[in-house]
Engineer: 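Please find one structure pasted underneath; my questions will follow.
Just so it is clear, the structure is predicted and the values come from calculations on it, not from any experiment. The residues of the chain are indexed from 1 along the displayed sequence.
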Amino acid sequence: MRSYRLDVVAKLFQKPPDRSRRGEAGALFALGFPLAGSHLAQMSIQVSDTVMLGWYDITSLAAASVAGPIIFVLFILGSGFAWAVMPMVASAAGTADDRQVRRVTRMAIWLSILFSFVAMPVLFFGQSFLLSIGQEPDVSELAGIYMAIMGLGLLPALLTMVMKSYLSALELTRSILTITLFSSALNILLNYMLIFGNWGMPELGIAGAAIASLVGHWTGLVALIVYAVIKTPEYTLFTNFHRPDWEAFVRVFRLGWPIGMTSLAEVAFFAASSVMMGWVGKIALASHGIALQIASVTFMIHMGLSQAATVRVGKAWGQSNLPLMREASKSALMMSMGAVLLTVAAFLLMPQTLISFFIDPQDPQRPVILATGVAFLTVAALFQTVDAAQVMALGMLRGVHDTRIPMVQASVSYWLIGVPASYILAFVFDMGGVGIWLGLSVGLASAGIMMQYRYWTRFASKASSLPRS
């Protein structure tokens, strides 16, 4: 043990060759670009549902709008177990521990199945729930149909997340992008057929949108499983799948549930900002939705890089290779900051162009929406910087299997700092919607500072932080 420690300490003073950073940057780009693309493709599925239901019927669009967040909250909670797969498999793969790769992935599948069975009944009684909280009867009826069908899609959606995390950890991300793009195209095609009744299919309206999503989820899952079995036969993922592995089960659960709660805290934070924006007014809320949609698209770049950082840091962590861990972290941050500079330039130099894509040229309120949206995008330039900092910190911390304290830091930052800051700036200091966006930036900055400090001082700075073999 003593010789091991001396070995690790000695590595601290070794300067990696120049090609190390270039190599890490290349590896991160190869991982992060397809992951960012797959997130954008996934977003296109939601956007196409919204656009096509809006073309079909306003009541159907309203029903999907009220049902969607409920479905998404359950999905976010359950996906924590899938996210836990990425760092755990990456660390195991870094030490060529094939058995551990298999154990972790299997138990994540088990946990996702169990969560789906617990959560599905909530969606099957969606109509009654929505009526109980005062939603219109016609909206509640359509939303209930949508939620019931989408409830059947919760299981394949969560299992798809597990398989994506598994393949990402093994650095097989191009397949994820290809399959997600196919699922997106299939969803658009089925929406066209089933929502409107084209090409001889029945006109099903909102039920058609739900069926299209359900088929897309199952198709994507089957494709990912087939690819994983063919591409990674050495892990024999599904051999003796029925056998429990309680030690791995508990480890995945302990790492995964804080990830789900962290994501929930962030989603609820942005939901609260939308509620407060509604208090400001309809124009502010519409402009907020547009600006947030634009910021969400650019955020996918950082999300992909964050996941790539989780994989590369996780592998270095499993190998107890502190210099490589630092190099991966620095390269990921540099690439993320480079992307921030590009998006900030776009937000500051061409905000009207970006916002105008979302507004009907004939809309009489177009000038005021444009003006409000431009103000929000100006603040979003700051918002992008701190948002990138926090998501990159989350990715690196997950790579070293640290999820509980970041969950607390995120909750405090978003709900004890960000939400009050938004309210005070918007309504006490009378800054309106701009104040809400500044409050969002304050909350995200707090999370980014706390998490970055934790990673660099606790994990990336000293040999004693490394796992013992």
Side-chain angles (χ1 to χ4, degrees), residues 1 3-8 10-12 14 16-17 19-20 23-24 26-28 30-32 34-35 81-110 162-176 224-225 227-241 243 245-252 254-256 307-329 331-332 395-402 459-460 463 465-469:
M1 178 65 75
S3 64
Y4 168 80
R5 291 181 177 174
L6 290 173
D7 229 11
V8 172
K11 289 179 180 178
L12 288 173
Q14 293 177 358
R19 66 178 180 275
S20 176
E24 272 307 308
L28 284 162
L31 278 170
L35 287 171
F81 305 123
W83 282 84
V85 168
M86 197 176 294
M88 296 178 79
V89 168
S91 296
T95 56
D97 189 347
D98 293 0
R99 181 171 178 269
Q100 188 66 11
V101 169
R102 177 171 59 251
R103 293 174 67 202
V104 166
T105 307
R106 282 180 179 175
M107 291 303 101
I109 293 174
W110 273 44
V162 174
M163 297 309 301
K164 285 182 176 180
S165 292
Y166 165 78
L167 291 170
S168 297
L170 299 177
E171 304 191 29
L172 298 170
T173 54
R174 291 183 183 179
S175 59
I176 296 173
L224 286 168
I225 290 175
Y227 178 85
V229 170
I230 294 173
K231 191 70 176 179
T232 61
E234 65 273 24
Y235 297 118
T236 59
L237 278 182
F238 299 101
T239 301
N240 297 320
F241 177 78
R243 292 182 181 175
D245 186 340
W246 299 119
E247 191 272 336
F249 184 95
V250 171
R251 287 183 61 224
V252 174
R254 286 178 176 172
L255 192 68
Q307 291 180 314
T310 297
V311 174
R312 298 301 298 176
V313 169
K315 284 196 172 182
W317 177 256
Q319 296 167 355
S320 298
N321 190 335
L322 188 59
L324 181 59
M325 195 169 85
R326 286 176 175 167
E327 203 59 58
S329 304
S331 296
M396 294 184 295
L397 286 167
R398 288 171 184 173
V400 297
H401 302 191
D402 184 44
F459 296 101
S465 69
L466 294 170
R468 296 290 178 243
S469 55

Engineer: Excluding sequence neighbours, so at least two apart, what forms side chain to side chain donor-acceptor pair (under 3.5 Å) with R103?
Structural biologist: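 Result, side chain to side chain donor-acceptor pair (under 3.5 Å) vs R103: Q100, D245, E247.
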Engineer: Could you tell me which residues satisfy side chain to side chain donor-acceptor pair (under 3.5 Å) with S175, sequence neighbours excluded, listed by chain and number?
Structural biologist: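 Scan of S175 (side chain to side chain donor-acceptor pair (under 3.5 Å), adjacent residues dropped) gives none.
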Engineer: Identify the two heavy atoms, one from S168 and one from L35, that lie closest to each other, and give their separation to 0.1 Å.
Structural biologist: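 The answer is OG-CD2, 3.3 Å.
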Engineer: Is there a donor-acceptor pair closer than 3.5 Å between any side-chain N or O of S91 and the backbone N or O of G314?
Structural biologist: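 Answer holds: yes.
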Engineer: Applying side chain to side chain donor-acceptor pair (under 3.5 Å), can you list everything that pairs with S165, at least two apart in sequence or on another chain?
Structural biologist: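 Applying side chain to side chain donor-acceptor pair (under 3.5 Å) to S165 gives none.
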Engineer: Can a side-chain donor-acceptor contact be found between Y166 and T232 if the only test is distance below 3.5 angstrom?
Structural biologist: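 Present: a donor and an acceptor within the cut-off.
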Engineer: What is the distance from atom CG of L224 to atom CD1 of I176, rounded to the nearest 0.5 Å?
Structural biologist: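 Those atoms lie 7.0 Å apart.
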Engineer: Can you give me the closest heavy-atom contact between A93 and K315, atom names plus distance?
Structural biologist: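 So the two residues come closest at CB-CE, 4.2 Å.
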Engineer: Flag the pair R312 and E171 as a salt bridge only when some basic side-chain nitrogen lies within less than 4.0 angstrom of an acidic carboxylate oxygen.
Structural biologist: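 Looking at R312 and E171, the cut-off is met.
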Engineer: Tell me whether the rings of F241 and F238 are parallel (<30°), tilted (30 to 60°) or perpendicular (>60°).
Structural biologist: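 It falls in the tilted class, 30° to 60°.
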Engineer: Classify the ring geometry of F459 against W317: parallel below 30°, tilted from 30° to 60°, perpendicular beyond 60°.
Structural biologist: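 Correct class here is perpendicular.
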Engineer: Could you give the distance from OG1 (T105) to OH (Y235), rounded to the nearest 0.5 Å?
Structural biologist: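 Reported to 0.5 Å precision, the distance equals 9.0 Å.
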Engineer: Enter the distance from L31:CG to L172:CG here, rounded to the nearest 0.5 Å.
Structural biologist: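 Those atoms lie 9.0 Å apart.
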